[in-house]
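Not measured: the values here are computed from a predicted model. Throughout, numbering of the chain's residues begins at 1 and tracks the sequence.
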Amino acid sequence: MERTLSIIKPDGVGRGIIGEIIKRLESSNIKIIAIKMLKMTKKQAQGFYAVHKERPFFDNVTDFMASGPVVVIVLEAENVITKYRKLMGATNYKEAEEGTIRKDFATDIEKNIVHGSDSQESASFEISYFFNSFEIV
Ligand code: ATP
Ligand code: MG
């Protein structure tokens, strides 16, 4: 069993598709083992995306992530990191495969509806960034 962190970004929450995304997770046999809504400060968004701090889009993406509420979710399943990234689709929605969340809903390379951890190391960092052990069931 593997775990990963999913975030429904401010555009996904604002568009009213929290339920749609959760439905796609559950119908793919991915188990939700922790979930909450929160609004990050700019500092918290910078800490979350610290791996990207030298990238040209860092300031914009951290402004965006702090611009409204997000839903953070811990997922559990076999190979869930890869499995969930397949459900999300490519970072750039224009390159995402048909039927993926980003292909269906994203409007911008930055406003791309969902986040998913990209490795086991980033998953453990990202899960513990938002949840303590009592909140994971
Ligand atoms: P995420 O980490 O959010 O799941 P990802 O792993 O597909 O997305 P990353 O390369 O980690 O993509 O980029 C983090 C986020 O930064 C992207 O989801 C997107 O919102 C934004 N981003 C990435 N590349 C660009 C870019 N070239 N221009 C603008 N924003 C970008
Ligand atoms: Mg990433």
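- Comment: E97 does not engage K103 in a salt bridge, judged by the lack of any side-chain N to carboxylate O separation of less than 4.0 angstrom.
- No salt bridge links K94 with D108; every basic N to acidic carboxylate O contact stays at or beyond 4.0 Å.
- Put simply, the side chain of R102 never gets that close to the backbone of Y93: no donor and acceptor are under 3.5 Å apart.
- Looking only at side-chain heavy atoms (C-beta outward), N112 and I101 stay at 4.5 Å or farther from each other.
- With a 4.5 Å cut-off on side-chain heavy atoms, K31 and L75 do not count as touching.
- The aromatic rings of Y49 and H115 sit perpendicular, their planes meeting at an angle over 60°, well past the 30° parallel limit.
- At a threshold of 4.5 Å between non-hydrogen side-chain atoms, the residues F48 and L5 count as touching.
- With K9 contributing its side chain and P69 its backbone, the two residues share no donor-acceptor pair below 3.5 Å.
- Within the 4.5 Å cutoff, side-chain heavy atoms of V72 are placed close to those of L38.
- Residue S6 is tested with L87, I73, V71 for a side chain to side chain contact (heavy atoms under 4.5 Å, CB included); the sole match is I73.
- Looking only at distances, no side-chain donor or acceptor of E95 sits under 3.5 Å from a matching main-chain atom of N92.
- Between I113 and D104 the shortest side-chain heavy-atom distance does not fall below 4.5 Å.
- The cluster map of Ile, Leu, Val, Met, Phe, Trp and Tyr, joined by side-chain heavy atoms under 4.5 Å apart, puts M88 and V80 in the same cluster.
- F64 carries K111 over the face of its six-membered ring, with the cationic atom under 6.0 Å from the centre and within 45° of the normal.
- Here the side chain of Q46 pairs no donor or acceptor atom with the backbone of T62 at under 3.5 angstrom.
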